[in-house]
Chemist: 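Attaching a single structure in C-alpha cells format; questions to follow.
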Amino acid sequence: MIEIKQYISEVIHAGLAKLEIKEYALVEKSANPDFGDFSSNIAMGLAKTLRKNPLEIAEMIQVELTIDKKIISEHSVTPPGFLNFRVAKSFYQETVTQIIAAAGTYGRTDTGKGKNANVEFVSANPTGPLTVGHGRQAVLGDTIANILEWHHYDVTREYYYNDAGRQMRILGQSVAARYFEQLGREGDFPEDGYEGEYIKTIATEIREQHGDSLALDDKIFRTHAEELIFADIKNTLETIGINHDIFSNERTYYDNGAIDALVEDLRNKDLIYKSEGATWLKATALGLEKDRVYYKSSGEPTYRLPDTAYHRDKLNRNFDLIIDIFGADHADTYPDVLAALEALDIDTAPVRVLIHQFVTLLKSGERVKMSTRKATFVTLEELIKQVNTDVVRYFFIMRSMNSHLNFDLDLAVNQSEKNPVYYLQYAHARICNIIKNGAEKDLTVTGDLDCALLLNESEISLIKVLNVFPEVMATALENMEPQGIANYLHHMSAEFHKFYASCRVITDDHDLSTARLNLITAVKIVLGNGLGVLGVSAPERM
RNA sequence: GCCCCGGUAGCUCAGCUGGAUAGAGCAACGGACUUCUAAUCCGUAGGCCACAGGUUCGAAUCCUGUCCGGGGUACCA
C-alpha cells in the first residue's frame, strides 16, 4: 500500500532537487478540507534563506512537481505559501480492498519482530486491595504491552513487589493487632498500621484456620495476609483482562545474593559510604542532586537498593526494551537506579520509564488523598462491579497519562452508560448486523467490489479515516501513549455513524450494496483491531 | 527554595515535535425513527486556550517570568 504522505513528500523532494534546494519537507493533513487533503509548509521554511516571498517560492516549487494523477488529483498554492494536495478518489477507494485483504494485520508493523520487551506495571505491594489509582496503571501498562505485541514484540508482563521491607512488617503487625482485638485482648495497633476493614477479615480467617493461640510475633500474620491479599489482587486484575507472566519480588534478590553483590560492586567503585549510622549511595558522584540511603541506620534497606538489583537483573535478562511504568510519586527514584547501574558499566539504554499522574479521589466534591494505610480509597473491584470491564478500561485509556485524573465513584457509575466506549461498540455492532442482513440476501463480503461506486461524501471521508489507522498505531508505539488510539477510534465511529445516517447499505442495487458492505467491513476491521489492542470487546450486537 | 506534571466551553477532557476558522463527550435548548439497531444523526448555544512578556511570516502549541492545583525533594513505598 502506498503511504500517501510519504509519496507527497517524495514528490516535493524531487521538485526541490530540480531547483537544487536541499530542505526537509514536512507533509501534514490539511486542517480545512477546502484546501485539499494534505499540505506542506516547505515554502515558508525556505522564505528566510532564499529571501523571497513564500508564495513565490511555493509557486516556483509547484511548477517542478511531477505528479501521478491517479494518486493526486489536484494541487494548488494558497497564501501564505502552502502547497496543497488533493488525493484522488480512486486512490482512496482502492484502499478498501487492501484493508479487507490485510484484515487482522491491517495497521501492524514488524518493528518488534524478533525483539523481546518487558513491561513492568501495577507492582503494588500486597498491603491492600487494588484501588482505582492502581487501576489506571494496570490498564495503561496492559494496553502498552498490547501495543508492543501488535507491532510483533514478544512481551513479558511483569509484576514486581517489595515483600521484605517495613511495609510488609507493619502489615503483619496490623493483622496481629486485629487478631488479638477479636480475642478481647488489647490489640497493640501499630502507629502506621493498615486501618482497612480487610485486615479484620484476614484476622478472622487466621483464627478459623490457625486457632486462637498464636503468638504475637508469629510469621503467619504476615504470610497469610500477603497470600490473601495477593489472591485478591490477581483476581481483580484478571477480571479486567490483565494477566502477568512473571511475579518477581524483592526477597529473591536478598536470597540469591544479588543485593550484596550490587553493594559490593558499587563499593569497589567507591560509591558507597557510611554516615550517621546509615549506608549511602554516593549519587552526587554520578551527577545527581543528592546522595541516597541504601541501608537505614536501623540496618533495614530502603526500597531503592532492591529496586536497583532488580533492574540489574532485568537488564541481564537481555530484553531489547524494558518499560517501567511508575506513578508520579516514583518519578524521582529511577534516575538513581539507572545511574548506579550505569556506574557499573551496565547499558541502561533499553529502559524506558513512563510516568503517569495520579488519580485524585473526590468525595462529595472534596479531594481525598488515597491511602492504602488509612483505607481512604475506592477499590478497583468496586468500580468494576458497578460498571464493567470495557468501561473501566476505556475510562482510563481515554485520558493522557500526563493528565491528573479526577475520580468520583458516584459520577463514574452514573455516567458509565454515557461512556464513549459504547459509541465505538455500537458502531461495531451495527456493522455486524448489517453484514448479517446482507448475508441473508446473498450479499457477501469478498473484497471484490467496484470501488468507484463509493462516491458519497460520507463514504470518502470514512475511507480517509480508515487510511490513518496504521499511522495512529505507529504513533502509539513511538509515544507509548494509548490515548491516541481511543481518540482515533472515536473519530472513526463518528464517521461511520454519519455514513450510516446518510447512506443505506443494503438496497436493490446489487453492486452498490456489495461495495458498501465491503466498506463497512473495512470499518469493522479497523474498529476490531483497535479495540482489541485496547483490550475492549467488540460486540456483534448490543 | 528547587525539580516533575497540569491549568483549553458550566463539567470531564482532546488538540501541544509551531500552521489556515481551537474540538469531542456530558450538561442545556430545538429538530429527525412506516426504511440495515434512535446506545444514532442533524442543528442552536457555550472560549481573552490561567496571566504577562518574548521568539516568528504565523503561538493553545516553543522560551522566560508570575499565579493556581497535584506530586517529589523521607533513614515511607
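All values derive from a computational prediction rather than experimental measurement. Chain letters run A, B, ... following the sequence lines, proteins first and then strands; every chain starts at 1.
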Chemist: With respect to the phosphate group of B/A38, does any side-chain polar atom (N or O) of A/Arg430 fall under 4.0 Å of OP1 or OP2?
Modeler: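 Looking at the OP1 and OP2 atoms of B/A38, one of them is under 4.0 Å from a side-chain N or O of A/Arg430.
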Chemist: Is the count of non-hydrogen atoms from other residues, nucleotides or ligands lying under 6.0 Å from A/Glu56 atom CD greater than 12?
Modeler: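 Yes, enclosed.
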Chemist: Does a nitrogen or oxygen in the side chain of A/Lys296 sit under 4.0 Å from OP1 or OP2 of B/A74?
Modeler: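 Checking B/A74 against A/Lys296, no side-chain N or O comes under 4.0 Å of OP1 or OP2.
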Chemist: Between A/Tyr423 and B/A39, do the rings stack, that is, sit under 5.5 Å apart with planes less than 30° off each other?
Modeler: no
Chemist: Does A/Gln357 put a side-chain nitrogen or oxygen below 4.0 Å from OP1 or OP2 of B/G71?
Modeler: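 No, no such contact exists.
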Chemist: Identify which nucleotide among B/A14, B/G19, B/C13 has an atom closest to any side-chain atom of A/Ser400, counting heavy atoms from C-beta outward.
Modeler: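 Of the candidates, B/A14 comes closest.
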Chemist: Which whole number of Å gives the distance between the P atom of B/U40 and that of B/A45?
Modeler: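 These two P atoms come out 23 Å apart once rounded.
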Chemist: Does the separation of the ring centres of A/Phe496 and A/His428 fall below 6.0 angstrom?
Modeler: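 For A/Phe496 and A/His428, the ring centres are not under 6.0 Å apart.
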Chemist: According to the Watson-Crick and G-U wobble definitions, with both distances under 3.5 Å, which nucleotide is paired to B/A50?
Modeler: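 Pairing partner, where one exists within any strand: B/U66.
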Chemist: Using a strict 4.0 Å threshold on nitrogen-to-oxygen distance, state whether A/Glu495 and A/Lys464 make a salt bridge.
Modeler: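 Answer for the salt bridge query: no.
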Chemist: Using heavy-atom distances to pick each residue's nearest nucleotide on RNA chain B, tell me which of A/Asp291 and A/Phe499 is more 5'.
Modeler: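 In this pair, the answer is A/Phe499.
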Chemist: With stacking defined as ring centroids separated by under 5.5 Å and planes differing by under 30°, is A/Phe358 stacked against B/G71?
Modeler: no
Chemist: In terms of side-chain heavy atoms of A/Thr302, which of B/A77, B/C36, B/G72 is nearest?
Modeler: B/A77
Chemist: Does a salt bridge link A/Glu440 with A/Lys436, judged by any charged N lying under 4.0 Å from a carboxylate O?
Modeler: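 No, this pair does not count.
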Chemist: Tell me which of A/Glu250 and A/Ser40 sits closer to the 5' end of RNA chain B, going by the nucleotide each one is nearest to.
Modeler: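 This one resolves to A/Ser40.
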Chemist: Below the 4.0 Å mark, does B/G25 have OP1 or OP2 next to a side-chain nitrogen or oxygen of A/Tyr422?
Modeler: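 For A/Tyr422, the contact criterion (side-chain N or O under 4.0 Å from OP1 or OP2 of B/G25) is not met.
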Chemist: Which nucleotide sits closest to the side chain of A/Asn406: B/C13, B/A24, B/C75?
Modeler: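 The answer is B/C13, which lies nearest to the side chain.
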